K.L.:
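Below is a structure I'd like to ask you about.
This one's a predicted model, so the numbers in the text were calculated from it and none came from an experiment. Just the heavy atoms: all of them, side chains too, but no hydrogens, waters or symmetry mates, feed the values below.
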2 protein chains.
Amino acid sequence: MSDAEQTRQNILSVAADEIHQHGYKATSLSVILNRCEISKGALYHHFTSKMELGYAVFEEVYTPMFLGVWQSPLSVEDPIEGLCDFLTTMTEEMSCSEVVCGCPLNNLCEEMANVDEGFRLRILSMQEQLNQLIVEALEKVSENLRAELAFSQVGYFIVAALNGATSLSKSSRNKALFQQVIAELCLYIRALKK
Amino acid sequence: MSDAEQTRQNILSVAADEIHQHGYKATSLSVILNRCEISKGALYHHFTSKMELGYAVFEEVYTPMFLGVWQSPLSVEDPIEGLCDFLTTMTEEMSCSEVVCGCPLNNLCEEMANVDEGFRLRILSMQEQLNQLIVEALEKVSENLRAELAFSQVGYFIVAALNGATSLSKSSRNKALFQQVIAELCLYIRALKK
DNA sequence: ATAATAACCAACCGCTCGGTATGTTGCAAG
DNA sequence: CTTGCAACATACCGAGCGGTTGGTTATTAT
């Protein structure tokens with residue numbers, strides 16, 4: 001990787017971390033510059049504006065990360081159990097600070113969807129892709145599931161409950177509440193089976 | 001009501017609206033001043049800082065509103081149906097822009113819980129009160145519910161799903177997704193019955 | 001070897017923000 | 001009648017922000 005590309009990737013990675021921790025608006029370019037030990041000129045050579053940097057973080061960091069994380073648990077033989085295992089393992093392995101930090105996608109959705117159309121459309125697309133993954137997984141084992149289910153609706157419900165769980169744990173600064181909601185979510189998911 | 005108290009209430013009401021629409025940080029004092037047609041001196045006569053104004057909005061506007069909204073559907077004979085009716089009626093009656101605007105409590109939780117301890121504790125208290133309302137309602141009809149339920153966990157799950165539903169509708173700018181998640185949530189709630 | 005361009009730096013700009021200092025008005029008690 | 005304080009108004013401050021400008025160094029193509 002060329003030096004320039006290295007610089008760019010470093011900016012993206014640091015920006016992704018800052019945006020995850022403090023949100024897009026509260027992320028200061030000067031902090032990114034300090035952490036990367038570069039000048040403002042360097043940053044503006046690689047990105048035309050803060051907004052473009054935000055979009056790049058979304059597309060080049062968050063999106064591949066997200067698809068990667070969700071694909072594996074849904075690709076197993078029994079996606080219902082795969083999903084539940086994934087959720088419980090995640091709650092167990094995540095540090096308290098990670099839980100409190102929330103999901104990058106949900107954070108950006110709350111912060112930016114009503115403010116910037118570029119972010120909104122990217123978030124929407126990501127959510128639809130994620131929902132599609134769940135729907136396909138459910139369809140794969142539909143013969144083992146209750147008959148009256150609306151898969152897309154179920155998929156969005158699962159995502160909603162998960163996002164709500166992270167939101168709740170932000171006020172309690174505690175994994176306990178998060179774990180409870182995930183536990184209840186797993187009960188719901190397992191009850192999808194016949 | 002005295003003129004001064006009138007001014008104070010006006011500030012609170014306008015600030016509550018601005019914070020609901022744009023969040024706490026993005027709410028500019030100058031906008032509040034313009035809408036209220038008062039000077040900065042007037043605002044700082046009634047509130048010592050923007051933070052204190054935010055706390056006052058939470059305690060004097062959001063809290064009573066919230067408790068009022070949730071108490072009625074949970075106080076009826078069958079709180080399960082009361083809750084489902086409440087949720088579906090809400091989705092039907094809320095305008096699209098209201099849905100997209102989100103829940104003030106959840107918005108503040110996402111924005112401020114990780115940033116300011118004063119907000120965090122107030123939000124936490126409000127969520128616990130809300131959960132308590134649900135738990136008490138469930139206990140009231142526990143003989144009609146499935147035996148193995150953990151009421152507190154169920155309460156938080158319901159709140160989480162609801163919050164997640166508003167989050168999802170922010171990216172779609174659409175009531176449809178919100179309605180779907182609420183519909184699935186009602187299926188879950190009704191399935192709490194034996 | 002040199003010209004051109006990529007990659008980067010330092011200094012500065014305008015703007016908005018929350019907050020403050022000082023001044024003015026009006027009512028109400030003594 | 002005046003003294004005093006509540007209830008405002010006006011003007012200003014410093015800080016931090018995203019972004020721009022003009023210049024410098026390093027790399028690459030001819």
K.L.:
Would you say H45(B) places a side-chain N or O within less than 4.0 Å of OP1 or OP2 belonging to dA7(D)?
P.N.:
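H45(B) to dA7(D) OP1/OP2: side-chain N or O found under 4.0 Å.
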K.L.:
E52(A) has an atom CD; how far is it from atom P of dG18(D), in whole Å?
P.N.:
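Computing the E52(A):CD to dG18(D):P distance gives 15 Å.
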K.L.:
Do you see a donor-acceptor pair shorter than 3.5 Å between the side chains of E128(B) and Q132(B)?
P.N.:
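No, because no side-chain N or O of E128(B) sits under 3.5 Å from a partner of the opposite role on Q132(B).
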K.L.:
Once you apply a heavy-atom cut-off of 4.0 Å, does I38(A) come out as touching a base, just sugar-phosphate, or nothing?
P.N.:
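The residue I38(A) makes sugar-phosphate contact but no base contact.
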K.L.:
Do K170(A) and N106(B) pass the side chain to side chain donor-acceptor pair (under 3.5 Å) test, and can you show the C-alpha distance, the side-chain angles, and the key distance before you say yes or no?
P.N.:
CA-CA 10 Å; K170(A) 283 182 185 176; N106(B) 186 51; over 6 Å; no
K.L.:
What is the distance from CZ of F47(B) to P of dA7(D), rounded to the nearest Å?
P.N.:
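Distance check: F47(B) CZ to dA7(D) P gives 12 Å.
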K.L.:
What is the distance, rounded to the nearest whole Å, between atom CG of D3(B) and atom P of dA28(C)?
P.N.:
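Between P of dA28(C) and CG of D3(B): 11 Å.
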K.L.:
For L43(A) and dA10(C), give me the distance from atom CG to atom P, rounded to whole Å.
P.N.:
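Answer to the nearest Å: 15 Å.
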K.L.:
For K194(B) versus E143(B), what's the shortest heavy-atom pair and its separation?
P.N.:
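Here K194(B) and E143(B) meet closest at NZ-O, 3.0 Å.
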K.L.:
Hey, any chance L168(B) and L121(A) share a hydrophobic cluster, counting ILVMFWY side chains that come within less than 4.5 Å of each other, even indirectly?
P.N.:
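No, L168(B) and L121(A) fall in different hydrophobic clusters.
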K.L.:
Kindly assign one of parallel, tilted or perpendicular to the pair F157(B) and Y188(A), based on the angle between their ring planes and the thresholds 30° and 60°.
P.N.:
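The rings of F157(B) and Y188(A) sit tilted, inter-plane angle from 30° to 60°.
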K.L.:
So which of L12(B), D17(B), T27(B), I38(B) actually passes side chain to side chain contact (heavy atoms under 4.5 Å, CB included) with I32(B)?
P.N.:
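Exactly one option meets the side chain to side chain contact (heavy atoms under 4.5 Å, CB included) with I32(B), and it is T27(B).
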K.L.:
Walk along nucleotides 17-23 of chain C from 5' to 3' and tag each nucleotide B, S or - by protein heavy-atom contact under 4.0 Å, base first, then sugar-phosphate.
P.N.:
SBBB---
K.L.:
It should be established whether T7(A) places a side-chain nitrogen or oxygen under 4.0 Å from OP1 or OP2 of nucleotide dC8(C).
P.N.:
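Answer is yes, contact under 4.0 Å.
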K.L.:
Report the distance from atom CD of E37(A) to atom P of dA10(C), rounded to the nearest whole Å.
P.N.:
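So the CD-P distance, E37(A) to dA10(C), works out to 12 Å.
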K.L.:
Would you say a side-chain N or O of H46(B) is under 4.0 Å from OP1 or OP2 of dC8(D)?
P.N.:
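Yes, H46(B) has a side-chain N/O under 4.0 Å of OP1/OP2 on dC8(D).
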K.L.:
Between L33(B) (CG) and dC8(D) (P), how many Å, whole number?
P.N.:
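Checked: the CG to P distance equals 13 Å.
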K.L.:
I would like to know whether R35(B) and E18(B) meet salt bridge (charged side-chain N to carboxylate O under 4.0 Å, His left out); could you show each step before the answer?
P.N.:
CA-CA 10 Å; R35(B) 282 186 58 182; E18(B) 287 291 327; 2.8 Å; yes
K.L.:
Please state how far atom CD in Q6(B) lies from atom P in dC8(D), giving the value in whole angstrom units.
P.N.:
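Computing the Q6(B):CD to dC8(D):P distance gives 11 Å.
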